[in-house]
Amino acid sequence: MMKEINIIVFSRYSELGASSRLRIFQYLPFLKNNHINCNVHPFFNERYLTDLYSNKKINLINLIYLFFRRFVLLFSVKKYDLVWIEKEVFPYMPSFFESIICHFGVKYIVDYDDDIFQNYDKFNSNFYKKKFNNFLQKSSLVVVCNDYLSNRVNFFGAKNIIKIPTVVDMLKYKKRSYSSDYMEFRIGWIGSPSTTKYLYIIKDVLEKLAVIYPIKLIVVGGTKLDNFNIPLELHEWSPNKENEIIETFDIGVMPLYKTQWEEGKCGYKLIQYMASGVPVIATCFGMNKEIVNKDVGFLANNDKEWEFAIEYFIKNIDHIKLLGEQARKNAEACFSLQDWSKVVAENFRSLTKTL
């Protein structure tokens with residue numbers, strides 16, 4: 001009989017936070033089926049996230065409570081076989097606090113899906129500069145979503161690194177239906193209030209094309225767009241509705257700035273589009289280059305290339321079905337939760353063999 005493994009999970013957010021939902025929570029049922037039991041303790045509570053997403057001032061008393069709560073929880077880690085940490089133990093705190101976990105003598109796993117190290121690069125204090133050195137050097141496993149982050153954690157001394165992309169539950173995504181007739185050409189984007197800014201990268205292109213073609217920009221989970229002179233359709237994000245809305249897209253887009261922060265991104269929205277059979281256009285940068293090829297869409301470097309790619313799909317509607325079907329196949333082959341959950345379980349279980 002397979003041995004039961006018990007893990008305490010220090011996630012960053014509850015399921016309301018996208019990174020925690022995708023990197024932690026969606027794996028839990030699959031791990032449980034493999035006799036790996038996870039006891040999850042988010043750092044930030046839903047009150048914090050609600051204030052953050054609505055641009056309200058963060059409640060200081062609540063924040064102090066969150067730090068105290070996690071500090072107390074650290075004293076329970078020795079009851080578990082493994083500790084699974086999303087990003088860091090104590091956000092915004094210097095190296096002394098981060099190193100506390102190292103003194104309990106437990107095996108711990110750390111997961112990164114963006115370059116949070118930049119948040120501390122700006123500090124001159126050695127307390128912040130060395131925040132991750134001891135922490136990652138003593139980790140048993142570091143999980144990252146792309147090669148850029150793999151190089152980052154290797155720089156800090158992580159020895160056991162595995163690359164696992166941010167993946168989708170293919171059973172939740174239905175392949176969109178295709179039609180050669182359309183009243184409007186639906187260009188879709190899904191994100192969060194903090195990432196809506198990226199849509200301004202393609203604002204001029206969309207406005208230029210909107211004069212010629214009946215396009216509409218579908219925005220899911222973003223904030224209100226100012227001075228966008230094109231037809232818009234705005235949706236609040238909902239875990240129960242996002243898949244249905246994506247299925248109405250003709251194409252999905254992911255514009256990005258080309259900075260160090262964006263290099264750490266995992267391209268999850270592209271994978272969502274592809275899982276629904278929607279071809280994609282993305283900025284030619286970072287993880288996007290690993291996800292997108294000519295069989296599923298276009299990579300664009302500038303306004304001219306964005307305009308060409310969007311107009312190509314408008315003029316070649318039949319190719320949407322062709323590339324969309326291949327996009328679905330690629331998502332299934334490379335970014336399926338069903339496949340990657342086995343990899344996660346195997347790696348976690350391997351760490352307990354010497355216990």
Novice: Just checking F298 against F313, ring centres under 6.0 Å apart?
Specialist: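 Yes, they do, as the ring centres are separated by less than 6.0 Å.
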Novice: Quick check: does any side chain N or O of N229 sit under 3.5 Å from a backbone N or O of E207, one acting as donor and the other as acceptor?
Specialist: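 Here the side-chain-to-backbone pair does not exist.
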Novice: Does the gap between the ring centers of F71 and F75 come in under 6.0 Å?
Specialist: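 Yes, close enough.
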Novice: Give me the atom names and distance for the closest heavy-atom approach of Y108 to N134.
Specialist: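 Closest pair (atom of Y108, atom of N134, distance): OH-O, 4.1 Å.
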Novice: Does the separation of the ring centres of Y120 and Y92 fall below 6.0 angstrom?
Specialist: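 No, too far apart.
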Novice: Has the side chain of E184 got a donor or acceptor atom that lies under 3.5 Å from a matching backbone atom of K216?
Specialist: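 Judged by distance alone, no pair lies under 3.5 Å.
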Novice: Please tell me whether F228 and Y200 form a close aromatic pair, meaning their ring centres lie under 6.0 Å apart.
Specialist: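 That pair passes the under 6.0 Å test.
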Novice: Check this for me, if you would: do R23 and D111 make a salt bridge, where the nitrogen-to-carboxylate-oxygen distance has to be below 4.0 angstrom?
Specialist: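 A salt bridge links R23 with D111.
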Novice: Counting only N and O atoms by type, is there a donor-acceptor contact under 3.5 Å from the side chain of N302 to the main-chain atoms of E305?
Specialist: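 Between the backbone of E305 and the side chain of N302 there is a qualifying donor-acceptor contact (under 3.5 Å).
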Novice: Centre-to-centre under 6.0 Å for Y257 and Y198, is that the case here?
Specialist: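 Close enough - the centres of the two rings lie under 6.0 Å apart.
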Novice: Less than 6.0 Å separating the ring centroids of F156 and F117?
Specialist: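 Under 6.0 Å, so yes.
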Novice: Please tell me whether Y27 and W340 form a close aromatic pair, meaning their ring centres lie under 6.0 Å apart.
Specialist: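 Aromatic pair excluded; centres sit 6.0 Å or further apart.
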Novice: Can you pull out every salt bridge (Lys or Arg N to Asp or Glu O under 4.0 Å) where at least one residue sits in residues 329-352? Sequence neighbours excluded, please.
Specialist: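 Listed by first then second residue: nothing to list.
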Novice: Test side chain to side chain contact (heavy atoms under 4.5 Å, CB included) on I245 and I218 and set out the steps.
Specialist: CA-CA 9 Å; I245 300 170; I218 320 302; 4.2 Å; yes
Novice: Using distance alone, with no hydrogens and no angle criterion, decide if S276 and R328 have a side-chain donor and acceptor under 3.5 Å apart.
Specialist: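 The criterion, which ignores hydrogens and geometry beyond distance, is not satisfied for R328 and S276.
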Novice: If I compare all heavy atoms of P42 with all of S14, which pair ends up nearest, and what's the gap?
Specialist: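 Answer, listing the atom of P42 first, then S14: CB-N, 3.7 Å.
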Novice: Can you tell me how far the CG atom of D169 sits from the OH atom of Y173, to the nearest 0.5 Å?
Specialist: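 Rounded to the nearest 0.5 Å, the CG-OH separation comes out at 8.5 Å.
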Novice: For D318, is there any backbone N or O sitting under 3.5 Å from a side-chain donor or acceptor partner on N316?
Specialist: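 Answer holds: no.
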Novice: Please check this pair: side chain of S238 against backbone of N240, looking for a donor-acceptor N/O pair closer than 3.5 Å.
Specialist: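 Yes; judged by distance alone, with no hydrogens or angles, the pair exists.
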Novice: For the residue pair Y112 and E88, confirm or rule out a side-chain donor-acceptor distance under 3.5 Å.
Specialist: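 Their side chains do not contain a donor-acceptor pair, so the 3.5 Å distance test is not met.
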Novice: Okay, side chain of R186, backbone of D250: is any donor-acceptor separation there less than 3.5 Å?
Specialist: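 No, the answer is negative, given that no donor and acceptor are paired below the 3.5 Å cut-off.
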Novice: By the side chain to side chain donor-acceptor pair (under 3.5 Å) test, which pairs, at least two apart or in different chains, include something from residues 135-150?
Specialist: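 Matches after skipping sequence neighbours: D115-Y148, D147-K163, Y148-Q260.
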Novice: Quickly, which of I202, I251, V220, T196 forms a side-chain contact (heavy atoms from CB on, under 4.5 Å) with W189? Name it, please.
Specialist: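 Passing option: T196.
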Novice: Does the gap between the ring centers of F43 and Y13 come in under 6.0 Å?
Specialist: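 Ring-ring flag for F43/Y13: false, centres at least 6.0 Å apart.
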Novice: List the atom of V144, the atom of I161, and the distance in Å for their closest heavy-atom pair.
Specialist: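 In terms of heavy atoms, the two residues are closest at CG2-CG2, 4.1 Å.
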Novice: How far apart are the closest heavy atoms of C38 and L31, and which atoms are they?
Specialist: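 Taking every non-hydrogen atom into account, SG-CD1, 3.9 Å.
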